[in-house]
Amino acid sequence: ADFNAKRKKKVAEIHQALNSDPTDVAALRRMAISEGGLLTDEIRRKVWPKLLNINTNDPPPLSGKDLRQMSKDYQQVLLDVRRSLRRFPPGMPDEQREGLQEELIDIILLILERNPQLHYYQGYHDIVVTFLLVVGERLAASLVEKLSTHHLRDFMDPTMDNTKHILNYLMPIIDQVNPELHDFMQSAEVGTIFALSWLITWFGHVLSDFRHVVRLYDFFLACHPLMPIYFAAVIVLHREQEVLDCDCDMASVHHLLSQIPQDLPYETLISRAGDLFVQFPPSELAREAAAQQQAERTAASTFKDFELASAQQRPDMVLRQRFRGLLRPEDPTKDVLTKPRTNRFVKLAVMGLTVALGAAALAVVKSALEWAPKFQLQLFP
């Protein structure tokens with residue numbers, strides 16, 4: 001009864017935020033992050049466009065061209081979509097699934113045609129199919145196009161450099177919370193490739209329960225684009241004991257970590273990822289992430305093409321300024337990876353490892369809003 005009452009209250013609050021004038025996007029972000037996320041696909045169809053600042057009355061025009069004949073990516077997209085059977089609800093009639101697979105191909109080819117700067121990658125279809133199943137073809141095309149030019153932009157470069165750079169945030173986050181686990185993983189030389197498919201599909205490819213996938217999409221759509229790497233870190237931290245019990249070699253640790261458990265405590269991990277983002281924002285981890293790769297590379301490259309049409313402060317500029325402040329000219333490499341471990345524990349003890357979600361959600365919302373396009377000022381053309 002208590003659960004139902006809480007759920008009813010949340011549904012009412014979501015509708016209130018949707019119906020206020022202008023739409024209360026900050027409240028919608030809080031709802032998407034807090035326990036249970038957006039609850040139903042019907043609500044997601046209304047809220048996801050608001051989180052991405054999409055004008056739902058203006059879907060991208062369907063292309064008049066025969067994209068299947070013209071697209072250089074068609075064969076690869078076709079192969080990936082054909083392999084995507086398990087991403088459709090079990091028990092769905094073949095005919096319906098095949099129709100959706102055709103729509104999936106059309107959406108992907110349309111977005112690539114409209115944005116020649118984007119390069120298709122294997123795993124992209126795992127993200128697109130999630131949107132297709134929740135919001136339908138026309139709206140999915142709008143949402144994924146926006147996502148592809150913002151949150152997913154780095155994965156759609158011609159090379160993997162920026163994707164690898166985002167993966168380089170994983171170990172510094174683990175190091176802040178659990179130096180022992182971090183050092184064990186470094187000794188095993190496991191690297192971060194085990195988390196690649198998590199990151200580039202927003203976990204859609206590795207989780208078998210669709211409810212868990214859309215719950216994570218609620219969370220990621222409401223947050224900073226680097227939140228999926230924080231979530232990847234909390235999964236590893238959650239499995240600390242299993243990792244430490246493993247043989248300390250690359251094959252064993254990689255094998256363990258690449259098999260993702262399906263029964264994760266999602267709400268706890270979402271809350272924890274939010275807290276870690278607040279305690280150790282990307283700007284603070286930038287120098288460690290850069291050092292993971294090369295001391296001289298800055299985190300600004302992570303955000304190279306996140307062009308936000310309506311935002312004055314682009315994240316790459318903000319990061320660059322912060323980074324300049326972090327690395328004074330006279331000590332460019334000193335102490336990059338050797339800061340004393342003690343103050344970490346003090347900081348963690350003071351903060352409490354898991355702050356009540358309310359506070360975390362609020363702070364994540366604030367940082368998301370600082371980063372996000374200026375809502376309501378202008379709808380995207």
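Given the structure is predicted, the values throughout are model-derived calculations rather than measurements.
- At most 12 heavy atoms of other shown residues, nucleotides or ligands fall within 6.0 angstrom of atom CE in M250.
- Checked by atom type, the side-chain pair R87/T130 shows a donor-acceptor distance below 3.5 Å.
- No side-chain heavy atom of K8 sits less than 4.5 Å from a side-chain heavy atom of V11.
- When the ring pair (Phe, Tyr, Trp, His ring centres under 6.0 Å) test is applied to H212, the partners found at least two apart in sequence or on another chain are Y266.
- Judged by distance alone, the side chains of Q241 and D245 do bring a donor and an acceptor atom under 3.5 Å apart.
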* Apply salt bridge (Lys or Arg N to Asp or Glu O under 4.0 Å) to R215 and E267, showing your working. => CA-CA 9 Å; R215 171 65 189 103; E267 294 301 335; 2.8 Å; yes
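- Applying the side chain to side chain donor-acceptor pair (under 3.5 Å) test to W48 and every residue at least two apart in sequence or in another chain returns D218.
- Side-chain contact check for L276 versus Q279: some heavy-atom pair is nearer than 4.5 Å.
- Interatomic distance, R82 CZ to L85 CG, rounded to the nearest 0.5 Å: 11.0 Å.
- Using a cut-off of 4.0 Å between Lys/Arg side-chain N and Asp/Glu carboxylate O, R68 and E102 are scored as salt-bridged.
- Checked against ring pair (Phe, Tyr, Trp, His ring centres under 6.0 Å), F210 has no partners two or more places apart in sequence or in another chain.
- R239 places no side-chain N or O within donor-acceptor distance of the main-chain N or O of P261, the cut-off being under 3.5 Å.
- In this structure, K50 contributes its side chain and V25 its backbone to no donor-acceptor pair below 3.5 Å.
- With hydrogens and angles disregarded, a donor-acceptor distance shorter than 3.5 Å links the side chain of T149 to the backbone of E145.
- In this structure a side-chain-to-backbone donor-acceptor pair under 3.5 Å is missing from H238 to V234.
- Between E113 atom CD and L67 atom CG the span is 4.5 Å, to the nearest 0.5 Å.
- The number of heavy atoms from other shown groups lying within 6.0 Å of CD (E189) does not exceed 12.
- Using a 4.5 Å cut-off between side-chain heavy atoms of Ile, Leu, Val, Met, Phe, Trp and Tyr, with links allowed through other members, M160 and F194 fall into the same hydrophobic cluster.
- Checked by atom type and distance alone, the side chain of N19 pairs as donor or acceptor with a backbone atom of H15 at under 3.5 Å.
- Within the 4.5 Å cutoff, the side chain of F280 has no heavy atoms near those of the D275 side chain.
- The 12-atom threshold is not exceeded at CD of Q16, counting heavy atoms of other residues, nucleotides or ligands nearer than 6.0 Å.
- Hydrophobic clustering (side-chain heavy atoms under 4.5 Å, transitive across Ile, Leu, Val, Met, Phe, Trp, Tyr) keeps L79 apart from V129.
- A donor-acceptor distance shorter than 3.5 angstrom exists from the side chain of N115 to the backbone of I111, with no hydrogens or angles considered.
- In this structure, I107 and A140 approach most closely via the heavy-atom pair CD1-CB, 3.9 Å.
- The CD1 atom of I166 sits 11.5 Å away from the CG atom of D161 when rounded to the nearest 0.5 Å.
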* After noting the C-alpha distance and the side-chain angles of Y124 and S148, does the key distance pass the side chain to side chain donor-acceptor pair (under 3.5 Å) rule? -> CA-CA 9 Å; Y124 182 65; S148 303; 2.7 Å; yes
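- The structure places CG of L110 at 13.5 Å from CD1 of I105, a figure rounded to the nearest 0.5 Å.
- Contacts classified as side chain to side chain donor-acceptor pair (under 3.5 Å) and involving residues 254-263 (residues at least two apart or in different chains) are given here: S208-Q262.
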* Step by step, work out the side chain to side chain contact (heavy atoms under 4.5 Å, CB included) result for V177 and R272. => CA-CA 11 Å; V177 181; R272 189 139 189 240; 3.5 Å; yes
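- The heavy-atom pair separating F203 from I235 by the smallest distance is CE2-CD1, 3.6 Å.
- Nearest heavy-atom pair across L221 and R29 is O-NH1, 3.8 Å.
- The closest side-chain heavy-atom distance from S142 to T56 is not below 4.5 Å.
- Side chains of E35 and K6 form a contact here, defined as non-hydrogen atoms less than 4.5 Å apart.
- Residues E137 and L100 are not in side-chain contact: their nearest non-hydrogen atoms beyond the backbone lie 4.5 Å or more apart.
- The minimum heavy-atom distance linking A188 with V253 is given by the pair CB-CG2, 3.8 Å.
- In this structure, Q117 places its CD atom where more than 12 heavy-atom neighbours from other residues, nucleotides or ligands lie under 6.0 Å away.
- Of the possible donor and acceptor atoms, none in the side chain of D157 sits under 3.5 Å from a partner among the backbone N and O of T159.
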* Apply the test side chain to side chain contact (heavy atoms under 4.5 Å, CB included) to residues M156 and N162: give CA-CA distance (whole Å), side-chain angles for both, the deciding distance (0.1 Å), then the verdict. => CA-CA 9 Å; M156 303 193 77; N162 281 347; over 6 Å; no
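- At a threshold of 4.5 Å between non-hydrogen side-chain atoms, the residues W202 and H151 count as touching.
- The distance between the ring centers of Y230 and Y169 does not fall below 6.0 angstrom.
- Between the side chain of D41 and the backbone N or O of R44 there is no donor-acceptor pair closer than 3.5 Å.
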* After noting the C-alpha distance and the side-chain angles of K10 and S34, does the key distance pass the side chain to side chain donor-acceptor pair (under 3.5 Å) rule? -> CA-CA 10 Å; K10 187 168 194 182; S34 66; 3.0 Å; yes
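- For the side chain to side chain contact (heavy atoms under 4.5 Å, CB included) with D126, the qualifying choice from V206, D80, T201 is T201, the only one to do so.
- Proximity of a side-chain donor or acceptor of Q101 to a complementary backbone N or O of V81 within less than 3.5 Å is detected.
- Residue R211 comes nearest to V214 through the heavy atom pair O-CG2, 3.4 Å, listed as atom of the first residue, atom of the second, then distance.
- In this structure, L118 CG and Y121 OH are separated by 10.0 Å, a value rounded to the nearest 0.5 Å.
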* Asked: When you look at N53 and K146, which way does the side chain to side chain contact (heavy atoms under 4.5 Å, CB included) test go after all the steps?
  -> CA-CA 9 Å; N53 196 21; K146 181 64 171 289; 4.0 Å; yes
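- S71 and Y120 share no donor-acceptor pair across their side chains, judged by distance under 3.5 Å alone.
- Here K164 contributes atom NZ and L167 contributes atom CG; the two are 9.5 Å apart, rounded to the nearest 0.5 Å.
- The shortest heavy-atom contact between L181 and N178 is N-OD1, 2.9 Å.
- A centroid separation of 6.0 Å or more is found between the aromatic rings of Y217 and F220.
- F184 is linked by a ring pair (Phe, Tyr, Trp, His ring centres under 6.0 Å) to nothing, counting only residues two or more places apart in sequence or in another chain.
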* Working for ring pair (Phe, Tyr, Trp, His ring centres under 6.0 Å), residues H224 and F277 -> CA-CA 9 Å; H224 187 285; F277 185 93; 5.2 Å; yes
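- The salt bridge (charged side-chain N to carboxylate O under 4.0 Å, His left out) check on K72 picks up nothing, with sequence neighbours excluded.
- By the 4.5 Å heavy-atom criterion applied to side chains, Q122 and V77 are not counted as neighbours.
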